[in-house]
2 protein chains.
Amino acid sequence: MLIGELAERAGTSTRALRYYETHGLLSAARSANGYRVYDDADLRVVREIRTLLGIGFGLDDIRPFVDCLRAGHSSGDVCPDSVAVLRRKIAEVDAGIERMRQVRERLHGQLTVAIESRESTCSSRTC
Amino acid sequence: MLIGELAERAGTSTRALRYYETHGLLSAARSANGYRVYDDADLRVVREIRTLLGIGFGLDDIRPFVDCLRAGHSSGDVCPDSVAVLRRKIAEVDAGIERMRQVRERLHGQLTVAIESRESTCSSRTC
DNA sequence: CCTTGCCTTGACATCGGGGGAAAGGTTTAG
DNA sequence: CTAAACCTTTCCCCCGATGTCAAGGCAAGG
Ligand SMILES: [Zn+2]
Ligand SMILES: [Zn+2]
Ligand SMILES: [Zn+2]
Ligand SMILES: [Zn+2]
């Protein structure tokens with residue numbers, strides 16, 4: 001499997017795959033041409049990468065999962081480093097949710113006040 | 001009031017103030033020197049900008065609020081354009097919260113499965 | 001031979017909100 | 001006179017994941 005086919009099968013671009021390689025997430029054998037040659041294990045790796053990127057992980061966070069997959073485990077989640085990243089990410093997401101909830105409350109309060117004072121402030125003006 | 005004093009009073013940098021100016025959020029009179037000269041209304045504008053930036057608005061979203069302030073209203077929220085941006089932002093925040101909640105559920109599920117299968121999969125290996 | 005379609009590396013552009021530095025003008029105090 | 005402390009404009013840098021050429025090598029079909 002060459003890089004174009006892998007990209008198509010994984011639903012991404014060749015540019016992205018080369019980028020993952022330069023960041024140590026993907027390794028490829030080379031044919032006599034110098035072309036990158038991949039197998040189905042690489043396809044699984046790329047799918048894992050894409051999934052985690054979609055969730056919001058950065059490439060550095062993804063590396064443990066890929067290492068875990070390449071260590072022969074059927075899932076990238078099982079190795080201790082992956083679990084640690086999962087825990088950290090859950091904490092980050094929780095913090096993000098809490099922050100956004102507070103922002104939402106604040107916005108809703110501003111909106112309410114703005115709507116209430118719109119008649120008395122705004123409608124008698126040009127704006 | 002010159003730019004350094006405004007920056008200090010608003011809790012930001014001169015660089016940021018010039019940046020806001022180039023993006024149409026702030027306007028300054030010039031003294032004979034060519035120095036930017038500000039007044040208290042500008043201080044209120046900058047405080048509004050900083051507040052909204054802190055909430056997560058982009059500069060383009062902030063422009064209606066600034067225009068509203070400069071139109072003489074005591075609050076930047078009351079003009080229709082500001083209200084529209086507020087509504088849109090609330091919707092965006094709601095969508096973001098929902099997305100993060102789903103991500104959280106997914107991560108928690110992965111973590112649970114990973115911990116359960118860690119003994120049977122991982123501890124008998126080198127990893 | 002020529003075109004087409006793969007592949008290679010390398011390098012520049014993007015987005016947002018600035019940071020930091022260069023190179024110079026102005027004013028005030030010592 | 002000079003140093004300090006302001007101010008001015010202009011330009012390059014950052015992050016992260018990718019798009020997008022550019023310039024060229026390799027294989028296969030007409
Ligand atoms: Zn393991
Ligand atoms: Zn409501
Ligand atoms: Zn109004
Ligand atoms: Zn739990």
Side-chain angles (χ1 to χ4, degrees), chain A residues 1-39 42-43 45-66 85 88-89 92 96 99 103, chain B residues 1-39 42-43 45-66 85 88-89 92-93 96 103:
Chain A
M1 185 176 9
L2 299 184
I3 196 172
E5 186 181 349
L6 177 60
E8 192 182 6
R9 288 223 269 165
T12 183
S13 67
T14 62
R15 177 66 175 88
L17 297 182
R18 295 195 188 98
Y19 183 67
Y20 302 154
E21 184 180 294
T22 67
H23 286 258
L25 295 176
L26 198 56
S27 67
R30 298 293 184 127
S31 75
N33 297 338
Y35 290 10
R36 290 171 180 85
V37 179
Y38 300 95
D39 57 18
D42 295 315
L43 177 58
V45 167
V46 176
R47 292 219 165 107
E48 180 94 6
I49 294 173
R50 300 298 296 176
T51 298
L52 293 174
L53 276 180
I55 289 180
F57 285 62
L59 290 189
D60 290 347
D61 295 331
I62 292 175
R63 194 163 300 116
F65 293 81
V66 169
V85 173
R88 182 165 52 77
K89 275 293 165 182
E92 286 179 22
R99 201 173 46 86
V103 166
Chain B
M1 183 175 13
L2 299 184
I3 196 171
E5 186 181 349
L6 178 59
E8 192 183 4
R9 288 223 269 165
T12 182
S13 67
T14 63
R15 178 68 174 86
L17 297 182
R18 295 194 187 98
Y19 184 68
Y20 302 154
E21 185 180 294
T22 66
H23 286 257
L25 295 176
L26 198 55
S27 66
R30 299 292 182 126
S31 74
N33 297 338
Y35 290 10
R36 291 172 178 85
V37 179
Y38 301 96
D39 56 18
D42 295 315
L43 177 58
V45 166
V46 176
R47 291 220 168 108
E48 180 95 6
I49 294 173
R50 300 298 296 178
T51 298
L52 294 174
L53 277 179
I55 289 179
F57 285 60
L59 290 188
D60 290 348
D61 295 330
I62 292 175
R63 196 163 297 115
F65 294 80
V66 171
V85 172
R88 181 165 52 76
K89 274 294 166 183
E92 286 179 23
V93 169
V103 166

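Order of the sequence lines sets the chain letters (A, B, ...), proteins ahead of strands, with each chain counted from 1. Any value given below was found using the heavy atoms of this structure, including those in side chains, with hydrogens, waters and symmetry copies removed.
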Q) Could you walk me through whether Tyr20(A) and Leu53(A) pass the side-chain contact (heavy atoms from CB on, under 4.5 Å) check? A) CA-CA 11 Å; Tyr20(A) 302 154; Leu53(A) 276 180; 3.3 Å; yes

Q) Hey, does the side-chain of Tyr19(B) have a donor or acceptor N/O within less than 3.5 Å of a partner on the base of dG17(C)? A) yes

In whole Å, what is the span from the [atom1] atom of [X] to the [atom2] atom of [N]?
| X | N | atom1 | atom2 | value |
| --- | --- | --- | --- | --- |
| Ile49(A) | dG16(D) | CD1 | P | 17 Å |
| Met1(A) | dC7(C) | CE | C1' | 16 Å |
| Leu2(B) | dT27(C) | CG | P | 11 Å |
| Ile3(A) | dG25(D) | CD1 | P | 20 Å |
| Tyr38(B) | dC7(D) | OH | C1' | 11 Å |
| Asp61(B) | dC15(C) | CG | P | 16 Å |
| Glu21(B) | dT9(D) | CD | C1' | 12 Å |
| Leu6(A) | dC6(C) | CG | C1' | 15 Å |

Q | Closest contact, heavy atoms only, Ile3(A) versus Thr14(A) | A | CD1-O, 3.9 Å

Q: For Tyr38(B) and Ala28(B), work out which heavy atoms get closest and say how close.
A: CE2-CB, 3.5 Å

Enumerate all atom pairs, one protein N or O and one N or O from nucleotides 19-22 of chain C, separated by less than 3.5 Å.
| unit_1 | atom_1 | unit_2 | atom_2 | d |
| --- | --- | --- | --- | --- |
| dG19(C) | OP2 | Ser13(B) | OG | 2.7 |
| dG19(C) | N7 | Arg15(B) | NE | 3.1 |
| dG19(C) | O6 | Arg15(B) | NH2 | 2.8 |
| dG20(C) | O6 | Arg15(B) | NE | 3.2 |

Q.
Any base atoms under 4.0 Å from Arg18(B), or only sugar-phosphate, or nothing? Heavy atoms, all strands.
A. base

**Q.** Residue met sooner reading DNA chain C from 5', once Arg50(B) and Glu5(A) are mapped to nucleotides
**A.** Glu5(A)

(Q) For Glu8(B), is the CD atom crowded, meaning more than 12 foreign heavy atoms sit under 6.0 Å from it? (A) no

Q) Should we count CD of Glu21(B) as having more than 12 external heavy atoms under 6.0 Å? A) yes

Q | Positions of residues 22-35 of chain B (non-hydrogen atom under 4.0 Å from DNA chain C), listed by number | A | Asn33(B), Tyr35(B)

Q | Candidate list Val45(B), Leu25(B), Leu52(B), test side chain to side chain contact (heavy atoms under 4.5 Å, CB included), partner Phe65(B), passing option | A | Leu52(B)

**Q.** From CZ (Arg36(A)) to OG (Ser27(A)), nearest 0.5 Å
**A.** 11.0 Å

Q: With rounding to the nearest 0.5 Å, note down the distance linking CZ in Arg30(A) to CG in Asn33(A).
A: 11.0 Å

Q) Taking only residues at least two apart or on different chains, which pairs with a member in residues 56-66 of chain A satisfy side-chain hydrogen bond (donor to acceptor under 3.5 Å, both in side chains)? A) Asp60(A)-Arg63(A), Asp61(A)-Arg88(A), Asp61(A)-Lys89(A)

Q: Report yes if at least one side-chain N or O of Tyr20(A) is closer than 4.0 Å to OP1 or OP2 of dT18(D); otherwise report no.
A: yes

